[in-house]
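A short worksheet on the structure shown next.
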Amino acid sequence: MEQKDLQKIYDRALENSVGNNKKCPFKKVFKTVVMKIALLTLLITFLASCMVGCFGNYKEEDINFTQSGEAFENDGKTNGFSTYQISTYQNLRLYDLLEAYDFTDFTLDGTKRDYHYTEEQYSQIQELDETYLYAFYTQTTPATLTAVCKSLGYDNLESFLLDNGYVDKEGKPSISIWYQHNKVEMSKIMKKAQEDLNQGAR
Amino acid sequence: MKMAFVKLEDNRDCIILDEFTYEKNKYVILVNSLDKDDFIVRKVINEELIGLDNEEEFKKVFMYYYNSRMKAK
């Protein structure tokens, strides 16, 4: 997508978002949708467009943001998916599972969700397995993550990492090694989801 | 996938892509369910979705979101 197209998306989002006269009730309705990976890609494109839009006004004071932008541009792919596609997909996959079981009671702490459920309640979610754990790690609070770890039979995240061999050369639990494994595993899940979707469309 | 939707004041039906808090405010990121290029950021005040104050707020909020949420690790 060209920069002028990204700028258009950014400008439109800006126009949509700014103005205190814009007002409506925050009433959620849950619906089942066919969540195409293409839509996720577009979310990422939008983020890129924001960077493009920000470059003009934000420079030295937002160096971290600019660096993120560069990382985005140079991002490698895993099984054809970028890190950002994988990250977005696995977050939405987690929310989808929790919403399917009406696990929608949470408070926000920044971008972290603190879900108000117990280990026993998480155990009731049949599909919940280790492939969801990384999304819990990045999107939820430590208390939520620990409750989920316990529901999967681990004392905590450290014990999960040790039991599954996600350790560094010294044998210490390693998030980085887990992250690399998770990226490959999630890309396979996405590939299968995409194939299932394509088969359904035929 | 089961996803949360919300209807805007102009009747656009939007998918809630994400929710987060920043500087004591709660924000949501929406995408128009009929137009994938149509993104919206709103602030939640008293159970209402309100437009942001200005472009400065829009940029700050989105940079915060990008830096904290979209990083994979």
Side-chain angles (χ1 to χ4, degrees), chain A residues 8-9 12-14 16-35 38-39 42-44 46-47 50-51 53-54 57-58 62 64-65 68 72 83-84 86-88 91-93 95-96 99-100 104 108-113 134 137-139 175-176 179 183, chain B residues 1-23 26-33 35-73:
Chain A
K8 271 186 197 169
I9 297 174
R12 196 169 166 195
L14 179 65
N16 276 331
S17 307
V18 174
N20 297 142
N21 57 329
K22 297 181 172 81
K23 198 179 280 190
C24 67
F26 185 35
K27 195 176 172 186
K28 289 182 191 174
V29 177
F30 288 92
K31 296 180 195 174
T32 300
V33 292
V34 177
M35 190 64 194
L39 177 61
L42 281 157
L43 169 62
I44 293 142
F46 170 63
L47 296 171
C50 278
M51 289 177 218
C54 287
N57 300 323
Y58 287 78
D62 292 303
N64 287 338
F65 183 71
S68 300
F72 175 84
T83 302
Y84 294 94
I86 292 171
S87 169
T88 309
N91 299 346
L92 292 175
R93 179 173 174 261
Y95 301 151
D96 177 46
E99 281 163 8
T104 53
L108 287 165
D109 180 7
T111 53
K112 297 273 186 183
R113 296 182 176 202
Y134 199 85
Y137 167 69
T138 58
Q139 308 305 313
I175 297 290
S176 295
Y179 164 71
K183 222 163 54 156
Chain B
M1 276 184 167
K2 198 176 173 190
M3 298 196 76
F5 283 69
V6 67
K7 203 175 270 294
L8 293 187
E9 62 282 349
D10 56 8
N11 280 328
R12 274 181 293 176
D13 211 18
C14 294
I15 298 171
I16 300 175
L17 285 172
D18 220 332
E19 303 175 41
F20 58 98
T21 54
Y22 173 62
E23 290 185 349
K26 180 175 174 177
Y27 294 91
V28 292
I29 297 182
L30 313 166
V31 61
N32 186 343
S33 61
D35 183 351
K36 54 194 173 8
D37 289 345
D38 195 19
F39 289 93
I40 302 114
V41 183
R42 290 285 169 91
K43 191 157 46 178
V44 183
I45 299 175
N46 297 329
E47 297 303 309
E48 282 190 315
L49 289 181
I50 313 275
L52 310 185
D53 293 343
N54 48 42
E55 185 173 357
E56 186 83 2
E57 185 182 12
F58 176 79
K59 286 179 176 174
K60 278 187 177 175
V61 163
F62 217 93
M63 279 192 288
Y64 166 76
Y65 173 76
Y66 179 85
N67 279 322
S68 57
R69 180 70 103 195
M70 296 307 293
K71 281 182 181 171
K73 61 170 181 171

Worksheet item: Roughly how far, to the nearest 0.5 Å, is CG of B:Leu49 from NZ of A:Lys22?
Response: 13.0 Å

Worksheet item: What is the distance from atom OG1 of A:Thr111 to atom OH of B:Tyr22, rounded to the nearest 0.5 Å?
Response: 12.0 Å

Practice prompt. Apply side chain to side chain contact (heavy atoms under 4.5 Å, CB included) to B:Ile16 and A:Phe26, showing your working.
Written response: CA-CA 11 Å; B:Ile16 300 175; A:Phe26 185 35; 3.8 Å; yes

Worksheet entry | Interface moiety of B:Asp13 toward chain A, non-hydrogen atoms closer than 4.5 Å | side chain

Worksheet item: What's the spacing between A:Asn91 CG and B:Asp18 CG if we round to 0.5 Å?
Response: 7.0 Å

Discussion item. What part of B:Asp35 gets within 4.5 angstrom of chain A, counting heavy atoms only: side chain, backbone, both, or neither?
Written reply: side chain

Worksheet item: Who are the salt bridge (charged side-chain N to carboxylate O under 4.0 Å, His left out) partners of A:Lys28, not counting sequence neighbours?
Response: B:Glu19

Discussion item. Main chain of B:Phe39, side chain of A:Asn16: is a donor-acceptor contact present, judged purely on distance under 3.5 Å?
Written reply: yes

Worksheet item: Contact part of A:Asp109 toward chain B, heavy-atom cut-off under 4.5 Å: side chain, backbone, both or neither?
Response: backbone

Discussion item. Using the side-chain contact (heavy atoms from CB on, under 4.5 Å) definition, which of the options B:Asp10, B:Asn11, B:Ile50, B:Leu8 pairs with A:Cys24?
Written reply: B:Leu8

Practice prompt. Would you please test B:Glu55 and A:Leu14 for side chain to side chain contact (heavy atoms under 4.5 Å, CB included) and show each step?
Written response: CA-CA 7 Å; B:Glu55 185 173 357; A:Leu14 179 65; 3.4 Å; yes

Fill in: Interchain contact, B:Lys26 with chain A, by part (heavy-atom threshold 4.5 Å)
side chain

Item to complete: Mind running side chain to side chain contact (heavy atoms under 4.5 Å, CB included) on B:Phe5 and A:Lys31 for me, showing each step along the way?
Response: CA-CA 7 Å; B:Phe5 283 69; A:Lys31 296 180 195 174; 3.6 Å; yes

Fill in: Pairs satisfying salt bridge (Lys or Arg N to Asp or Glu O under 4.0 Å), at least one member in residues 38-47 of chain B, at least two apart
A:Arg12-B:Asp38, B:Glu9-B:Arg42, B:Arg12-B:Asp38, B:Lys43-B:Asp53, B:Lys43-B:Glu57

Response to the item:
Correct closest heavy-atom pair for B:Tyr64 and A:Gly110 would be OH-CA, 3.3 Å

Fill in: Test applied, side-chain contact (heavy atoms from CB on, under 4.5 Å); reference residue, A:Ser17; option that passes from B:Leu30, B:Ile29, B:Val41
B:Val41

Worksheet entry | Side chain / backbone / both / neither for B:Val6 at chain A, heavy atoms under 4.5 Å | both

Worksheet entry | Partner chain A: residue of B:Val28, B:Val61, B:Asn54 with the largest heavy-atom pair count (under 4.5 Å) | B:Asn54

